[in-house]
Protein chains: 2
Amino acid sequence: MTRATPNRRRGRQLPTAEELRIWRDFIETTDALRSRLASRLQVESSLSPGDYAVLLALSEAQDQQLRSSELATHIGWERSRLSHHLGRMERRGLIRRQECATDPRGAEVHLTPTGAEAFRGSTVPHLRAIRELFVDALTPEQLRAAGEIAAALRVHLDARHKE
Amino acid sequence: MTRATPNRRRGRQLPTAEELRIWRDFIETTDALRSRLASRLQVESSLSPGDYAVLLALSEAQDQQLRSSELATHIGWERSRLSHHLGRMERRGLIRRQECATDPRGAEVHLTPTGAEAFRGSTVPHLRAIRELFVDALTPEQLRAAGEIAAALRVHLDARHKE
DNA sequence: CTAGCATGTTTGACATGTCAATCGTCCGGA
DNA sequence: TCCGGACGATTGACATGTCAAACATGCTAG
């Protein structure tokens, strides 16, 4: 790093080789981490990360039910993605959809006993996996730094999104 | 953080609320970053991240060709994933598969002129996007920390994989 | 020589994701 | 009233991923 053009370094040029190396390490490793977590969740609980997110949101909801759009907002998914996923989860008996009492256009998504049971059984193993694969891999300072890095990336992403 | 059971803190228990918050920030943000990068690549070059990885590997290869299994190893994909992806890329004219001269079982994957052209055109915008969305979001110390975090996670993942 | 396992790759079935189009209901103004 | 757009959700077409099974050829023990 550090060719002799300091004023052109920031925000203008392509990444250096070192920056690119870090980028690749970072993105590939987070990918591997994600996929390892997903596979443990699958093996230990027969749930996908998507299933888990939906079940978590419903478990925390009043009456274990949410309007479809609220659910989408809560977990940050596009409507159509959620709709497809709910279809699959409904086939497996994890959730149930029924017409909303107050708005005939809308749908209420309900947690079924089967779904609640599946979620209960998955929580502890999943949290344990997060601890083992993420938290335990890092020193306390690294963990703190990871939080700050995430925050910085998020702010930057959101800022660029608005532009 | 920090209940009064210091000897049970490490490696045994579930994550604390703070650890869990960091985990969620971290994984959700890296996901958002990945998907933003993918969408820019798509818009700017009509390529998916998978396309880019394949084209990059072939571009760097001797004679712009690789055995299918070497390619899979190089980019870290499962064989079947690569096979499906190559099928799609072949339909679009980005690569070509032909029987390997030295081993009739094997397949050689060749970069086509179309594929080479697409890759050339995508490189600069893609690297610029990495710079803008990742490198520029972080301070130099954070960038260094990101590299160290990735390395630590990787080592930990690999260690647990062997167990 | 040949049965059977190893090797290299593909295939099929299905889960997951995105995008654009569709469908039904609601609502405000001519 | 009724029309057109807003709103809530689903659908279809297709890209991407995983897993297990299938295929074809190579190699080796007997």
Side-chain angles (χ1 to χ4, degrees), chain A residues 28 31-32 34-43 45-55 65-110, chain B residues 28 31-32 34-43 45-55 65-110:
Chain A
E28 283 166 15
D31 240 7
R34 177 189 334 281
S35 102
R36 190 77 73 80
L37 252 299
S39 120
R40 282 195 47 166
L41 188 58
Q42 187 68 56
V43 168
S45 313
S46 300
L47 294 176
S48 69
D51 298 334
Y52 189 87
V54 169
L55 295 178
Q65 75 173 63
L66 280 174
R67 287 291 296 272
S68 179
S69 52
E70 294 174 316
L71 180 50
T73 302
H74 192 65
I75 61 183
W77 286 10
E78 293 182 12
R79 288 160 170 302
S80 91
R81 176 180 176 186
L82 180 60
S83 189
H84 283 302
H85 204 94
L86 291 180
R88 291 186 294 264
M89 291 181 74
E90 195 162 29
R91 267 193 275 131
R92 294 194 285 145
L94 297 172
I95 57 112
R96 189 166 33 82
R97 281 186 282 199
Q98 68 183 46
E99 193 181 292
C100 178
T102 68
D103 182 348
R105 289 173 302 180
E108 283 171 354
V109 183
H110 292 255
Chain B
E28 282 166 16
D31 240 7
R34 177 189 333 279
S35 102
R36 190 76 72 80
L37 252 299
S39 120
R40 281 194 49 165
L41 188 58
Q42 187 69 54
V43 168
S45 313
S46 300
L47 294 176
S48 69
D51 298 335
Y52 189 86
V54 168
L55 295 177
Q65 74 173 63
L66 280 174
R67 286 291 296 272
S68 177
S69 50
E70 293 174 317
L71 180 50
T73 301
H74 192 64
I75 61 183
W77 286 10
E78 293 182 11
R79 285 154 173 301
S80 91
R81 176 180 176 187
L82 180 60
S83 189
H84 284 302
H85 204 94
L86 290 179
R88 291 187 294 264
M89 292 181 74
E90 194 162 30
R91 268 192 273 132
R92 295 194 285 146
L94 297 172
I95 57 111
R96 190 165 31 82
R97 280 186 280 200
Q98 68 184 46
E99 192 182 294
C100 179
T102 66
D103 182 347
R105 287 172 303 177
E108 284 170 354
V109 183
H110 292 255

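From a predicted model like this one, the values you see are computed outputs, not experimental measurements. Order of the sequence lines sets the chain letters (A, B, ...), proteins ahead of strands, with each chain counted from 1.
Taking CG of B:Leu47 as the reference point, atom CG of B:Leu94 lies at 6.5 Å (rounded to 0.5 Å). Rounded to the nearest 0.5 Å, atoms CG (A:Leu37) and CZ (A:Arg40) are 8.0 Å apart. Atom SG of B:Cys100 is separated from atom CD of B:Gln65 by 8.0 Å, given to the nearest 0.5 angstrom.
Look at CZ on A:Arg81: it is 18 Å from C1' on C:dA20, rounded to the nearest Å. One interatomic measurement links the two molecules: CD of B:Gln42 to P of C:dA20, which rounds to 11 Å at whole-angstrom precision. Distance CZ (B:Arg105) to C1' (C:dG8): 6 Å, rounded to an integer number of Å.
Contact annotation: the side chain of B:His110 never approaches that of B:Leu66 to less than 4.5 Å [non-hydrogen atoms, C-beta and beyond]. Contact annotation: the side chain of A:His85 approaches that of A:Ser48 to within less than 4.5 Å [non-hydrogen atoms, C-beta and beyond]. Counting heavy atoms from C-beta on, the side chains of A:Trp77 and A:Val54 come closer than 4.5 Å.
The main-chain N or O of A:Glu28 is never found under 3.5 Å from a side-chain atom of A:Asp31 such that the two would form a donor-acceptor pair.
A search for ring-ring contact (aromatic ring centres under 6.0 Å, His included) contacts involving A:His84 returns nothing, not counting sequence neighbours. Qualifying salt bridge (Lys or Arg N to Asp or Glu O under 4.0 Å) partners for B:Arg96, counting only residues two or more places apart in sequence or in other chains: none. Legend: residues meeting side-chain hydrogen bond (donor to acceptor under 3.5 Å, both in side chains) with A:Ser68, ordered by chain and number and at least two apart, are absent. In this view, B:Ala32 and A:Arg154, A:Leu157 satisfy the side chain to side chain contact (heavy atoms under 4.5 Å, CB included) rule, not counting sequence neighbours.
B:Ser80 comes within contact range of at least one nucleobase, with a heavy-atom separation under 4.0 Å.
Within residues 68-77 of chain A, the residues having any heavy atom closer than 4.0 Å to DNA chain D are, in order of number, A:Ser68, A:Ser69. Residues of residues 84-103 of chain B that place a heavy atom closer than 4.0 Å to DNA chain C, in numerical order, are B:His84, B:Arg97.
If one axis is set at each end of the helix from C:dC1-D:dG30 to C:dA30-D:dT1 from five pairs, those axes are 20° apart, to 10°.
Chain A approaches DNA chain D over the interval D:dC7 to D:dA13, counting the first and last nucleotide 5' to 3' with an atom under 4.0 Å from its heavy atoms.
Applying the salt bridge (charged side-chain N to carboxylate O under 4.0 Å, His left out) rule to pairs touching residues 78-91 of chain A yields A:Glu90-A:Arg97, sequence neighbours excluded. Among residue pairs with one or both ends in residues 99-109 of chain A, those qualifying as salt bridge (charged side-chain N to carboxylate O under 4.0 Å, His left out) are A:Arg67-A:Asp103, A:Asp103-A:Arg105; sequence neighbours excluded.
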